[in-house]
Amino acid sequence: MKTVLITGASRGIGEAIARKFASGGYNVVINYVSSQQKAENLADELTRNGVRAVAIRADVGDPVQAKLLVKQTLEIFGYIDVLVNNAGTALTKLLIDTKTSEIENLLLTNLLGTIYVTKEALPSMISRQYGKIVNVSSMWGVAGGSMETVYSASKGGIIAFTKAVAREVGYSNINVNCVCPGVILTDMTKNITIDDMKELENETALGRIGTPQDVASVVYFLASDEASYMTASVVGVDGGII
Ligand code: NAP
């Protein structure tokens with residue numbers, strides 16, 4: 001049975017990714033930082049449906065906790081076939097109004113969190129000569145978004161990191177790719193006004209806002225052996241918005 005470790009899987013896109021992998025028969029590690037009840041309920045539900053699922057609290061932006069997250073996962077399941085670096089947080093304001101602490105916290109969670117968890121997960125993947133890593137970036141990491149400068153920088157960093165790690169570990173049979181979602185209906189986008197949402201919807205080629213499941217199925221494909229000749233790829237899941 002394969003094992004997937006998903007950061008930030010208590011809700012939103014991460015939750016959908018957890019459900020998708022569980023339906024594919026994977027053991028699932030659901031990482032969260034504050035939504036303990038949600039993460040544990042999800043783990044219970046997935047377990048009742050026939051796979052092994054555990055919820056593990058860790059702030060991915062803390063290198064000590066990131067290390068423990070991977071250590072605990074390996075102690076429970078023995079190996080990690082798939083790592084999905086999904087945990088993330090948003091910040092919508094002008095750069096000139098952004099506090100230094102806000103800049104640091106966002107980069108810690110989104111960019112350094114991805115780097116820390118990947119660094120910890122790689123040794124066991126390298127020794128098994130097998131692994132799939134999928135990082136969750138954003139369309140703003142490609143295009144850059146006004147009022148989203150620090151967020152865009154963090155997501156652009158994830159794209160560069162994805163390409164670089166892919167080149168470093170490809171000979172160990174480890175694929176590293178990333179997805180760039182567009183506007184997806186989750187807690188992260190719930191404060192967008194109805195009018196702004198309508199405008200964003202109109203900017204997509206498909207004429208609709210994305211769902212967490214839209215992202216989960218692409219992540220699942222990238223983590224599968226069907227995508228074994230894909231690495232260092234940056235895949236848009238944005239309904240054709242950019
Ligand atoms: P969400 O609904 O706000 O969920 C965020 C998830 O990340 C939660 O599970 C949260 O855990 C976890 N998290 C936050 N900080 C963490 C930390 N320091 N350590 C561990 N876990 C942490 O967001 P979402 O929309 O599903 O976003 C998921 C990913 O997709 C993010 O990387 C986001 O940037 C990216 N994305 C989203 C959109 C969109 O339109 N929604 C578009 C492009 C990219 P708790 O529940 O415990 O707080």
Side-chain angles (χ1 to χ4, degrees), residues 5-20 28-43 55-70 73 83-92 102 104-117 120 134-145 148 150-159 161-162 178-192 196-197 200-201 203-204 208-216 218-219 234-239 241-242:
L5 165 58
I6 307 156
T7 67
S10 47
R11 53 202 168 90
I13 293 170
E15 176 186 350
I17 295 170
R19 290 181 185 282
K20 181 75 184 171
V28 185
V29 175
I30 298 157
N31 159 251
Y32 67 96
V33 68
S34 54
S35 307
Q36 182 176 359
Q37 202 55 59
K38 278 190 179 169
E40 285 178 358
N41 289 347
L42 179 61
I56 302 180
R57 191 197 168 279
D59 177 349
V60 295
D62 175 342
V64 176
Q65 294 183 42
K67 192 183 180 97
L68 270 173
L69 170 65
V70 170
T73 302
L83 166 64
V84 182
N85 284 304
N86 166 76
T89 185
L91 184 65
T92 309
E102 291 175 316
E104 287 171 355
N105 285 337
L106 188 129
L107 291 174
L108 273 176
T109 300
N110 292 10
L111 181 56
L112 296 190
T114 298
I115 295 173
Y116 293 150
V117 180
E120 297 303 331
V134 184
N135 297 323
V136 179
S137 176
S138 162
M139 66 174 178
W140 298 130
V142 179
E148 307 254 15
V150 185
Y151 181 79
S152 299
S154 73
K155 294 300 185 176
I158 289 175
I159 292 171
F161 177 68
T162 299
C178 84
V179 291
C180 295
V183 184
I184 310 295
L185 276 180
T186 68
D187 290 346
M188 194 174 272
T189 49
K190 71 179 177 202
N191 291 328
I192 298 178
D196 286 349
M197 219 27 140
L200 288 164
E201 194 174 88
E203 281 174 29
T204 69
R208 71 169 177 88
I209 297 300
T211 65
Q213 292 73 25
D214 288 326
V215 181
V218 178
V219 170
V234 180
V235 181
V237 191
D238 56 18
I241 202 169
I242 53 173

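What you are looking at is a predicted structure, and each value in this text was computed from that prediction instead of being measured. Atoms within each ligand, like the ligands themselves, are counted from 1 in listed order. The chain is numbered in sequence order, starting from 1.
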* Pairs touching residues 5-14 that satisfy salt bridge (Lys or Arg N to Asp or Glu O under 4.0 Å), sequence neighbours left out -> R11-D187

* Under the criterion side chain to side chain contact (heavy atoms under 4.5 Å, CB included), which of I158, V179, N85 is the partner of V136? -> V179

* **Per-ligand residue contacts, ligand 1, heavy-atom threshold under 4.0 Å** => G8, A9, S10, R11, G12, I13, N31, Y32, V33, S34, S35, A58, D59, V60, N86, A87, G88, T109, V136, S137, S138, Y151, K155, P181, G182, V183, I184, T186, D187, M188, T189

* **Counterpart residues, salt bridge (charged side-chain N to carboxylate O under 4.0 Å, His left out), relative to E104 (two or more places apart)** => none

* What residue among V134, T114, T162 forms side chain to side chain contact (heavy atoms under 4.5 Å, CB included) with C178? -> T162

* Side-chain heavy atoms of T186 within contact of T189, under 4.5 Å -> yes

* **Residue pairs passing the side-chain hydrogen bond (donor to acceptor under 3.5 Å, both in side chains) test where at least one lies in residues 58-69, sequence neighbours excluded** => R57-Q65, D62-Q65

